[in-house]
Amino acid sequence: MTTTRRELAARYDPAAVEPAIYERWQAAGAFRPAPEPPPGAPRFVIIQPPPNVTGALHIGHALTATIEDTLVRYHRMRGDDTLWLPGVDHASIAAQFVLDRIIAEEGESRASLGRERYLERMWKFIEETRDVIGRQHRRLGASPDWDRERFTMDEGSARAVRVAFKRLWDAGHVYRGEALVNWCPRCLTTISDLENVHRDETGTIWTIRYHLERPDGTPDPDAWISVATTRPETLLGDTAVAVHPDDERYRGLVGRHAILPFLARRLPILADEAVDRAFGTGAVKITPAHDQDDYALAKRHGLPAITVLDEQARVNEAGGEFAGLDRFDARRRIVERLRASGDLEDERPHEMVVGRCDRCGTVSEPRLSVQWFIRVKPLAERALASVTEGRTTILPARFDKEYAHWMENIHDWAVSRQLWWGHRIPAWFCPDGHVTVSDLPAGPEACAECGRPASELTQETDIFDTWFSSGLWPFSTLGWPDETPDMQRFYPTTVMETGYDILFFWVARMMMLGLFCTDREPFDTVYLHGMIRADGGAKMGKTKGNTIDPLSVVDEIGADALRFALVSGSSSGHDQKLTRAKLDGGRNFSTKLWNAARFVLANRPADEPDADPGSDGAVDASLPVRWLRSRLADAVARATRQLDALDLGAYAATVYDVAWSDYCDWFLEVAKVDMRRADASPAERAATWRAAAEGLAVVLRLLHPLMPFVTEELWQALGEAEPELTRDEPLLITAGWPAPGERDETAETAFADLAELIRGVRNLRTEAGTPAATWAALVVDAPDGEAADALRAGLRYVEALARARPIRIGGAGDRPELVAASPFGAAWLGIDAAGQVDAAARRATRLADIEGNLERLRRLLADPGFSGRAPAAIVARERDRLAELEERRRQMLAEG
RNA sequence: GGGCGGUUAGCUCAGCUGGUCAGAGCGCCUCGCUUACACCGAGGAGGUCGGGGGUUCGAACCCCUCACCGCCCACCA
């Protein structure tokens with residue numbers, strides 16, 4: 001009667017297993033750091049990009065969560081003081097974008113609701129969506145400490161924002177002023193340079209005649225200066241025409257004036273080196289209020305800036321007859337009018353770069369307005385030094401350059417946004433125009449400059465760029481600005497993990513703000529992963545319909561399969577394609593593990609003694625057992641190294657190989673032999689089973705970080721069958737990382753030799769077309785006693801796995817025709833069907849192969865350049881190979 | 001206009017500081033006794049590591065160059 005307490009289902013059903021497992025983890029408080037830091041334990045704190053509060057899980061989140069969870073689980077198993085603090089980001093512009101669409105369906109708009117009601121509506125909306133993304137992360141198996149979940153709009157964050165901004169202000173890093181900023185006419189807010197995405201587009205370039213002014217102030221119908229533009233509507237705001245100082249064509253015109261069409265404004269013609277003589281006509285219309293270059297040029301020349309577009313990019317009252325028109329309608333109208341008057345000289349398609357709002361895709365408009373800026377140069381210098389001086393490491397290292405380039409060319413950060421959902425800038429204006437920045441929740445008590453009471457002050461209505469609060473995340477979540485126990489225990493953090501696409505948006509800001517606020521680098525390592533792409537290599541996108549929904553995948557094949565597929569075959573910073581085939585690979589692997597465990601559990605000997613037969617010396621460990629332990633020791637060492645190096649792709653390969661190839665394909669197959677052979681003692685049988693079960697336990701430990709559900713479930717089953725095996729911990733999630741083991745080179749070599757012989761025989765069988773069921777006689781030369789002994793020790797495995805019987809070692813007598821070289825000497829296979837193979841031809845091929853290699857090696861070794869300059873170890877190795885080949889050749893010749 | 005990455009078996013990708021590095025998974029071909037697993041097992045075919053040049057005793061790996069593909073940064077109207 002078997003003592004197995006639980007029968008595993010014939011097929012792994014993740015849907016039936018995962019939710020229950022997750023609940024057990026949570027009930028056990030497995031995600032929480034210990035109340036006190038374990039003495040002497042290294043710290044491991046991971047920083048995750050908090051997903052948008054209104055968001056739904058996409059494949060990118062799944063990748064991020066998988067990587068982070070794998071690292072966190074690994075470090076937790078190692079006993080490190082581990083923290084993963086979850087949270088969500090208020091994502092002001094993205095959230096407003098979503099809510100605006102929703103209220104539009106209700107017939108409302110931001111304007112119709114007004115700020116207060118809109119924000120109430122937003123909080124209500126957030127309440128509905130806030131938990132969604134967390135629940136979805138749970139389904140992936142993510143194991144952050146949910147008790148510490150934070151939100152970038154909670155009071156802790158709000159306080160951190162106020163304090164950080166106040167300190168920046170006090171340090172002189174903040175200013176408020178008029179500047180030409182990127183403006184989205186649809187979102188009705190400033191957007192930062194990063195949110196203004198440039199795209200190559202084909203537009204039109206028009207050449208327009210500006211007639212020259214005659215002495216009487218009227219335009220000269222016969223004299224003009226032609227300017228080229230891609231945005232004719234901006235001409236309404238022109239205040240000059242510029243040419244290059246050395247441009248002969250225009251030398252005589254500099255100092256004169258042109259008359260602006262429609263508005264009859266006098267435009268000075270001036271010279272400036274910034275003008276490219278080769279482009280267009282060599283003369284540029286200058287629109288300071290609507291173009292960055294022109295703005296800079298106007299400043300140099302003291303030109304006025306006239307804003308002609310309103311916040312929705314309609315022509316304003318300064319636009320004369322065009323007032324009220326949308327910018328593109330105005331463009332068409334102006335072009336028509338110019339064409340009619342004969343002042344449109346040319347019109348042609350033009351390849352150009354257009355800036356669009358990252359959020360909504362609307363063409364952005366440079367707009368002159370008063371904004372809050374953070375002077376980032378000094379902050380950036382420190383943030384750059386942290387990386388160049390090695391206090392923070394970016395992986396992969398090549399992103400160092402991008403980071404440095406960005407930090408070196410950084411512009412001041414426009415942090416104010418004309419949005420409602422977010423942290424309001426804690427600045428107050430007094431009627432005299434004084435500005436008071438305060439970090440008090442209720443605002444300042446009086447104007448900092450003139451002492452006017454708070455009742456006379458009004459707060460700035462702009463809010464902060466979302467990334468300002470995100471930039472404080474690593475410490476605002478730990479209680480900063482207070483020196484809390486959490487700050488002391490968990491800050492600075494260890495690994496900042498995210499996609500390379502937000503290196504500048506987020507990582508750079510965290511570095512700058514972290515250094516400024518806390519005087520320390522916010523994390524030791526920045527680990528950047530790549531993007532997930534669709535099968536053809538295209539970006540995944542809802543509109544393209546080529547997305548893979550991680551939750552559907554989890555429903556279908558389980559979180560473990562998805563996680564494995566996301567990590568295996570990946571390398572940091574490189575994009576990867578995710579395909580159905582890859583997901584299937586993950587699923588197959590979880591099934592494989594399940595079945596291996598099923599085999600182990602179902603074969604537990606009924607009569608296993610209570611005492612541990614492996615440790616009391618009753619039975620010496622068999623060769624396969626020693627081999628398995630050595631292979632596992634190697635895998636543990638490699639996996640540990642790879643996870644420490646954040647090389648998750650390599651780690652996945654390591655565990656996959658040891659589990660599938662070493663454990664399942666080889667060990668379990670030979671274990672069957674030892675567990676089933678009639679002449680084995682109960683103790684021997686038990687020892688073999690025990691080794692299999694222990695080996696499985698190590699495999700489960702190794703795999704748990706990446707495939708937590710199936711490994712945990714099997715761990716439970718293993719524990720129920722044999723509590724001894726999981727004695728140290730009832731839950732795998734909190735069990736220890738496998739201890740490093742000893743390599744056993746002798747066992748590895750011996751077993752590898754047997755495996756090679758088995759493979760050689762299998763090969764012969766296939767070539768000969770031997771039916772799988774047929775037993776074939778085998779003769780192995782085994783020229784020396786040592787080889788014969790080694791072979792004899794493993795004979796039963798060869799017999800079973802190569803289906804060879806009887807096996808004769810050495811000795812004279814008839815020898816079958818088919819021969820293969822093996823570590824033990826030549827191996828002859830006798831089978832009835834041998835005639836199907838041309839033994840002689842086969843032998844000739846093998847011999848030629850050996851001869852070829854021999855020739856190459858002899859030449860190499862004869863080369864004085866090689867033997868003289870190559871390291872001795874390399875030379876010795878090549879000598880050994882030569883000797884080995886010579887031996888094989890001798891075997892081959894001997895048999896003929 | 002700068003900068004970066006990629007180009008390795010039909011496909012998707014690993015290959016660390018040059019010396020069993022020519023690999024894995026999928027796909028393909030052949031076979032399938034065997035109660036862990038056909039989401040499987042055994043065996044096999046398939047690549048002059050994008051082209052050219054160089055350094056070296058030796059290069060997929062280092063240098064130069066060219067060709068494609070992709071990405072990032074950038075104020076040419």
Side-chain angles (χ1 to χ4, degrees), chain A residues 8 10-12 180 193 198 205 227-231 234 242 274-276 278-287 291-297 350 352-353 355 366 396 398-399 401-402 405-406 409 500-501 503-504 530-531 533 535 537 557 561 568-571 573-582 584-603 645 647 649-650 653 656-657 664-665 668-669 672 758-759 762-767 769-775 800-803 860 863-871 873-875 877-878 881:
Chain A
L8 291 175
R11 173 153 303 181
Y12 178 50
L180 202 57
D193 292 343
H198 297 276
I205 190 163
V227 295
T229 181
T230 56
R231 296 187 299 155
T234 64
V275 178
D276 180 353
F279 191 91
T281 61
V284 195
K285 61 189 273 308
I286 301 300
T287 320
D291 184 278
Q292 293 288 358
D293 292 328
D294 294 2
Y295 184 71
L297 185 142
H350 183 62
M352 53 197 263
V353 179
R398 67 188 149 85
F399 284 103
K401 270 186 226 154
E402 279 190 33
H405 183 258
W406 194 75
N409 296 285
Y500 65 70
D501 56 333
L503 176 61
F504 306 140
M531 305 294 112
R533 318 202 81 100
D535 202 347
I557 60 174
S568 70
S570 72
S571 63
H574 281 117
D575 292 356
Q576 57 168 322
K577 296 174 186 88
L578 186 62
T579 60
R580 184 69 231 180
K582 200 161 179 199
D584 285 343
R587 177 204 54 188
N588 294 352
F589 189 36
S590 19
T591 307
K592 185 72 179 179
L593 289 171
W594 184 264
N595 284 316
R598 219 156 62 88
F599 167 78
V600 171
L601 291 171
N603 284 280
D647 192 354
Y656 181 91
D657 286 345
C664 291
D665 288 345
L668 287 187
E669 290 309 313
K672 283 176 188 172
I758 289 166
R759 240 177 271 134
R762 283 171 169 172
N763 185 324
L764 288 179
R765 294 180 62 108
T766 299
E767 287 191 23
T770 316
T774 307
W775 289 92
L801 270 58
R803 207 163 176 82
L860 181 66
D863 183 344
F866 176 74
S867 42
R869 295 184 184 229
I874 301 293
V875 177
R877 194 175 65 209
E878 297 302 329
R881 292 176 66 189

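In what follows, every heavy atom counts, from backbone to side chain, and hydrogens, waters and symmetry copies are set aside. Quick note on labels: first sequence line is chain A, next is B, and so on, each numbered from 1.
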What's [X] touching, base or sugar-phosphate or nothing? Going by heavy atoms closer than 4.0 Å.
X         : answer
Thr229(A) : sugar-phosphate
Arg231(A) : nothing
Arg398(A) : sugar-phosphate
Asp647(A) : nothing
Arg587(A) : base
Ala596(A) : base
Val275(A) : base
Gly569(A) : sugar-phosphate
Asp276(A) : base

For atom [atom1], what is the distance between [N] and [M], given to the nearest Å?
N      : M      : atom1 : answer
G1(B)  : A14(B) : C1'   : 35 Å
G32(B) : C16(B) : P     : 41 Å
C37(B) : G18(B) : P     : 48 Å
U8(B)  : G70(B) : P     : 15 Å
C73(B) : U17(B) : C1'   : 31 Å
G50(B) : G41(B) : P     : 32 Å
A45(B) : G10(B) : C1'   : 12 Å
G58(B) : A74(B) : C1'   : 44 Å

Below 4.0 angstrom from OP1 or OP2 of [N], is there any side-chain N or O of [X]?
X         : N      : result
Lys592(A) : G41(B) : yes
Asn763(A) : A42(B) : no
Lys672(A) : U34(B) : no
Ser571(A) : A14(B) : yes
Lys401(A) : C4(B)  : yes
Arg765(A) : G43(B) : no

In this structure, how many angstroms lie between the [atom2] atom of [N] and the [atom1] atom of [X], rounded?
X         : N      : atom1 : atom2 : result
Gln576(A) : C11(B) : CD    : P     : 19 Å
Leu180(A) : A77(B) : CG    : P     : 15 Å
Glu878(A) : G58(B) : CD    : C1'   : 10 Å
Met352(A) : G1(B)  : CE    : P     : 18 Å
Arg762(A) : U34(B) : CZ    : P     : 16 Å
Leu801(A) : A42(B) : CG    : P     : 9 Å
Asp501(A) : G70(B) : CG    : C1'   : 15 Å
Arg580(A) : G27(B) : CZ    : P     : 13 Å

**Taking every non-hydrogen atom, the tightest pair across Ala228(A) and Ile205(A)** =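 It is CB-CD1, 4.0 Å.
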Consider the side chain of [X], meaning its heavy atoms from C-beta on, and name the nucleotide among [options] that approaches it most closely.
X         : options                : value
Arg11(A)  : A36(B), A77(B), C39(B) : C39(B)
Val284(A) : C37(B), A77(B), C40(B) : A77(B)
Asp665(A) : A42(B), A77(B), A36(B) : A42(B)
Ala228(A) : C39(B), A77(B), G19(B) : A77(B)
His574(A) : A36(B), C72(B), A14(B) : A14(B)
Phe279(A) : C72(B), C33(B), C76(B) : C76(B)
Phe599(A) : C13(B), A36(B), C73(B) : A36(B)

**Request:** Side-chain contact test, heavy atoms from C-beta onward, threshold under 4.5 Å: evaluate it for Thr774(A) versus Arg803(A) and give yes or no.
**Result:**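 No, every pair of side-chain atoms sits at 4.5 Å or beyond.
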**Asked** Is the closest side-chain heavy-atom distance between Lys672(A) and Glu669(A) below 4.5 Å?
**Response**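 Yes, at least one pair of side-chain atoms sits under 4.5 Å.
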**Message:** So does Gly586(A) get a backbone contact from the side chain of Ser590(A), meaning a donor-acceptor N/O pair under 3.5 Å?
**Reply:**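 At least one qualifying donor-acceptor pair exists.
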**Message:** Between Arg762(A) (side chain only) and Leu801(A) (backbone N and O only), is there a donor and an acceptor less than 3.5 Å apart?
**Reply:**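 Yes, the answer is positive, given that a donor and an acceptor are paired below the 3.5 Å cut-off.
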**Asked** Would you say the base of A36(B) and the side-chain of Glu669(A) have a donor-acceptor pair closer than 3.5 Å?
**Response**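 Donor-acceptor pair under 3.5 Å: yes.
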Base paired to [N] (Watson-Crick or G-U; both N/O distances under 3.5 angstrom):
N      : result
G1(B)  : C73(B)
C68(B) : G6(B)
G46(B) : none
G27(B) : none

**Test: Lys592(A) cationic atom under 6.0 Å from Tyr656(A) six-membered ring centre, within 45° of axis** =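 No, Lys592(A) and Tyr656(A) do not form such a contact.
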**side chain to side chain donor-acceptor pair (under 3.5 Å) involving Tyr500(A) - partner list, sequence neighbours excluded** =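 With neighbours one apart ignored, the set is Asp575(A).
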**Message:** For the residue pair Ser568(A) / Lys582(A), report whether a side-chain donor-acceptor contact shorter than 3.5 Å exists.
**Reply:**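 Side chains of Lys582(A) and Ser568(A): no pair found under 3.5 Å.
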**Asked** Can you tell which of Asp276(A), Val227(A), Thr229(A), Val275(A) makes a side-chain contact (heavy atoms from CB on, under 4.5 Å) with Val284(A)?
**Response**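 Between Val284(A) and the candidates, side-chain contact (heavy atoms from CB on, under 4.5 Å) is satisfied uniquely by Val275(A).
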**Prompt:** Does Tyr656(A) or Gly282(A) map to a spot on RNA chain B nearer the 5' end, using the closest nucleotide for each?
**Reply:**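 Comparing both residues, the 5'-ward one is Tyr656(A).
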**5'-most by nearest nucleotide on RNA chain B - Gly649(A) or Arg803(A)** =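 Looking at RNA chain B, the more 5' nearest nucleotide goes with Gly649(A).
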